[in-house]
Amino acid sequence: MIPEINAAIKQNDFQRIKVLVETVIEEHTNTFSFDAFHADNTFKQLWESMFLCLTVESYRCIHKQCLTCIRLLSRDKTHLKDIVIEKHINILLRCANLVDNTLCIVITTENTDIIVEGLKCLCNIVYNCDTAQEVCCSNKTVDYIILRLRTYFEQNIPYVIKYFDIKLLFLLTAFNKDIRLKITEELHGLTYLTEVLDNILRGTIEDSSKNNSSSLQEENVLLSCEILKTLFNLTVIPRSESTVEDDYSIWIRLISILRDLLVTSNFVIPLFQDNIICNVINLLTNAPPTCLDQLLVKSHWCEFDALKVIVNFLDNKLSNTENPTYEHISPALMVLLKGSRCIAKFRCEVRQQILPPLKDVINRPEQGKTLRNKLCRLLTTPNVSLRDLVAELLFVLCKENVGRMIKYTGFGNAAGLFANRGLLCKTSNPDYSSDSEDSDTEEYLTYKDQINPVLGCYEPPKPNPFECMSVEQQEHEVMQLVSKMDKLTREGVIQPCKIGDDGRPKPIEHVLQLQEELMNHFTNIKNKDGPDDESD
């Protein structure tokens, strides 16, 4: 095949080259590994032949086929680093119209397909090859991309070019830290990307007013997700102190757009809905906490609550996954935690949805289908990072009040948090507003005195095991228990502890010290478990 292509190139037989290249494309449309091509050096020869054709302007009629062939070959990164050189990248940049201030915005019907294929090749090669990353980050590739995206809506640039422009920008910002600073500080990329998002949203709102439908089109969803991922890369590292005020104003505007994207996502089909909400939440994890109050502002064109969309997203993730991972649900947890810790009204709104006034006191906190139940189950997960993040969120929603945390989660579920933070003998945090309103439900008040604080639920009265025993028998059973616990302690199976002055567990010298310590501890808990409040 390669000799035939080379022969056709020498003879300037465009039609023959086109037929041969299209045959290769057809045979390898779904191929991602070209092992057979590497064995006899076919891969490199075909690669060089395609780039040779791209350098000849008279071959322009077959440039699209050559680029498609290069795109397929670039899926295989086995030897890509060895054959990709700066010249190849520059040829692809020229095909993608990313080599000149004027040329980058010249989009016509005739060159659209070539630009798109050039961008696809660049995306593949940048993803798979360090050389391509270095070349694109050292020249003016990002300058031309930013320049082109500034004209997206003025020039009516086709969607597919916008999509792969942003995808290439995402890949470059993902692999190169320095290019992020250039885009944000020199090229004002945050502002221009935010503008593109705003234009997409504005177009959706205008369409909804005409057609009574607020649905984001599939193309707009996919483009928005690429922009959100790029914005995440650009904001993942804080900028210099001199830009803090500028950052704040940018974030205020950006979060107002993200808020509208969240409420708009309710009208998107489930597959795309999950995608756009996930990317919005990921970006919000980089936002300054003080800006998150923008999520509480009601949209002027939609009645949906943006904060509730995030909470529902978390709830659905926990419902659809038997063993949720930290990566899947931590972004939503972090956004809720950051906002709740910093903004009182935000905390109040989240608390109403996650920890509403307690009615179910019969079942344990971890039993049930509510979001509170699902989060309580994660308090004992072996995934330490996830467990600690969930515990921190619930504790902040309880205004860092130990008694209230025990009320909603049970002491057994929250003991790890209390022990780690030295809170086993504390009850409240003075940084939060004081209790001002009794919001205990009738169900809770009915069973309050019979709730086992360790379990976090009502426990029916049990018969006294000592009732039918004589005093001598009771003493014998107690000493048997003490003896067995002492044996377990000496063998290192258990290590009895008491609560130290710092609120953390301290090993005890003898097992009999437990009796006094436990009685004092649980007496304090019941005395200090004051009424809950709804105010913040």
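Keep in mind that the numbers below use all heavy atoms, side chains included, and drop hydrogens, waters and symmetry copies. Predicted model, so just to flag it, every value in this text is computed and none were measured.
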Between Lys374 and Asp315, is the salt bridge (charged side-chain N to carboxylate O under 4.0 Å, His left out) condition met? List the steps.
CA-CA 8 Å; Lys374 296 168 188 175; Asp315 196 1; 2.4 Å; yes
Applying side chain to side chain donor-acceptor pair (under 3.5 Å) to Asp100 and Tyr144, what does each step give before you reach the verdict?
CA-CA 7 Å; Asp100 181 80; Tyr144 300 134; 5.8 Å; no
Please give me the minimum heavy-atom distance between [X] and [Y], naming the atom from each residue.
X: Val99; Y: Leu103; value: CG2-CD2, 3.8 Å
X: Val126; Y: Gln133; value: O-NE2, 2.9 Å
X: Thr285; Y: Pro331; value: CG2-O, 3.6 Å
X: Arg351; Y: Leu397; value: CD-O, 3.3 Å
X: Ser340; Y: Leu336; value: OG-O, 2.6 Å
X: Asn124; Y: Arg75; value: ND2-CG, 4.0 Å

Within a strict 4.5 Å, meaning less than it, do heavy atoms of the [X] and [Y] side chains meet?
X: Ile183; Y: Leu169; value: yes
X: Arg148; Y: Ile145; value: no
X: Phe346; Y: Asp293; value: no
X: Tyr152; Y: Asn199; value: no
X: Leu222; Y: Phe272; value: yes
X: Thr264; Y: Ile276; value: no
X: Leu228; Y: Leu258; value: yes
X: Leu284; Y: Ile310; value: yes

To the nearest 0.5 Å, how far apart are [atom1] in [X] and [atom2] in [Y]?
X: Phe14; Y: Ile62; atom1: CZ; atom2: CD1; result: 7.0 Å
X: Leu379; Y: Leu394; atom1: CG; atom2: CG; result: 5.5 Å
X: Asn413; Y: Thr380; atom1: CG; atom2: OG1; result: 5.5 Å
X: Cys69; Y: Ile5; atom1: SG; atom2: CD1; result: 7.0 Å
X: Ile166; Y: Ile227; atom1: CD1; atom2: CD1; result: 5.0 Å
X: Phe153; Y: Asp198; atom1: CZ; atom2: CG; result: 9.0 Å

Stepwise ring-ring contact (aromatic ring centres under 6.0 Å, His included) test for Phe43 and His79:
CA-CA 9 Å; Phe43 188 94; His79 301 289; 7.8 Å; no
Residue pair Lys64, Glu22: steps toward the salt bridge (charged side-chain N to carboxylate O under 4.0 Å, His left out) verdict
CA-CA 10 Å; Lys64 180 185 175 183; Glu22 286 180 343; over 6 Å; no
Working note: Ile91 + Lys87, criterion side chain to side chain contact (heavy atoms under 4.5 Å, CB included); need CA distance, chi angles, decisive distance, verdict.
CA-CA 6 Å; Ile91 291 172; Lys87 178 183 176 183; 4.2 Å; yes
Hey, is the main chain of [Y] close enough, under 3.5 Å, to the side chain of [X] for a donor-acceptor pair?
X: Asn279; Y: Lys229; value: no
X: Arg259; Y: Gln294; value: yes
X: Arg377; Y: Glu366; value: yes
X: Tyr163; Y: Glu226; value: no
X: Asn220; Y: Ile200; value: no
X: Thr108; Y: Asn111; value: yes
X: Asn286; Y: Asn282; value: no
X: Asn139; Y: Val135; value: yes
X: Asn97; Y: Val106; value: yes
X: His63; Y: Val56; value: yes

Do Phe232 and Phe170 pass the side chain to side chain contact (heavy atoms under 4.5 Å, CB included) test, and can you show the C-alpha distance, the side-chain angles, and the key distance before you say yes or no?
CA-CA 9 Å; Phe232 176 87; Phe170 163 71; over 6 Å; no
Evaluate the criterion salt bridge (charged side-chain N to carboxylate O under 4.0 Å, His left out) for residue pair Arg341 and Glu392; output intermediate values, then yes/no.
CA-CA 10 Å; Arg341 180 178 279 142; Glu392 191 72 21; 2.6 Å; yes
Would you say [X] has more than 12 foreign heavy atoms packed within less than 6.0 Å of its [atom1]?
X: Lys140; atom1: NZ; answer: no
X: Lys317; atom1: NZ; answer: yes
X: Gln155; atom1: CD; answer: yes
X: His328; atom1: NE2; answer: no

Contacts table for residues 44-54: side-chain donor-acceptor under 3.5 angstrom, sequence neighbours left out:
{"from": "Trp47", "atom 1": "NE1", "to": "His88", "atom 2": "ND1", "distance (Å)": "3.3"}
{"from": "Ser49", "atom 1": "OG", "to": "Asn6", "atom 2": "OD1", "distance (Å)": "2.8"}
{"from": "Ser49", "atom 1": "OG", "to": "Gln45", "atom 2": "O", "distance (Å)": "2.8"}

With a 4.0 Å cut-off on N to O distance, would you call Glu4 and Arg16 a salt bridge?
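A salt bridge is present here (some side-chain N lies under 4.0 Å from a carboxylate O).
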Could you give the side-chain donor-acceptor pairs of residues 383-391 under 3.5 Å, partners two or more places apart or in another chain?
{"from": "Asn383", "atom 1": "OD1", "to": "Ser385", "atom 2": "N", "distance (Å)": "3.4"}
{"from": "Asn383", "atom 1": "OD1", "to": "Leu386", "atom 2": "N", "distance (Å)": "3.2"}

Step by step, work out the side chain to side chain contact (heavy atoms under 4.5 Å, CB included) result for Leu371 and Gln353.
CA-CA 8 Å; Leu371 185 52; Gln353 297 181 51; over 6 Å; no
Between Ser224 and Leu197, is the side chain to side chain contact (heavy atoms under 4.5 Å, CB included) condition met? List the steps.
CA-CA 6 Å; Ser224 297; Leu197 262 185; 3.9 Å; yes
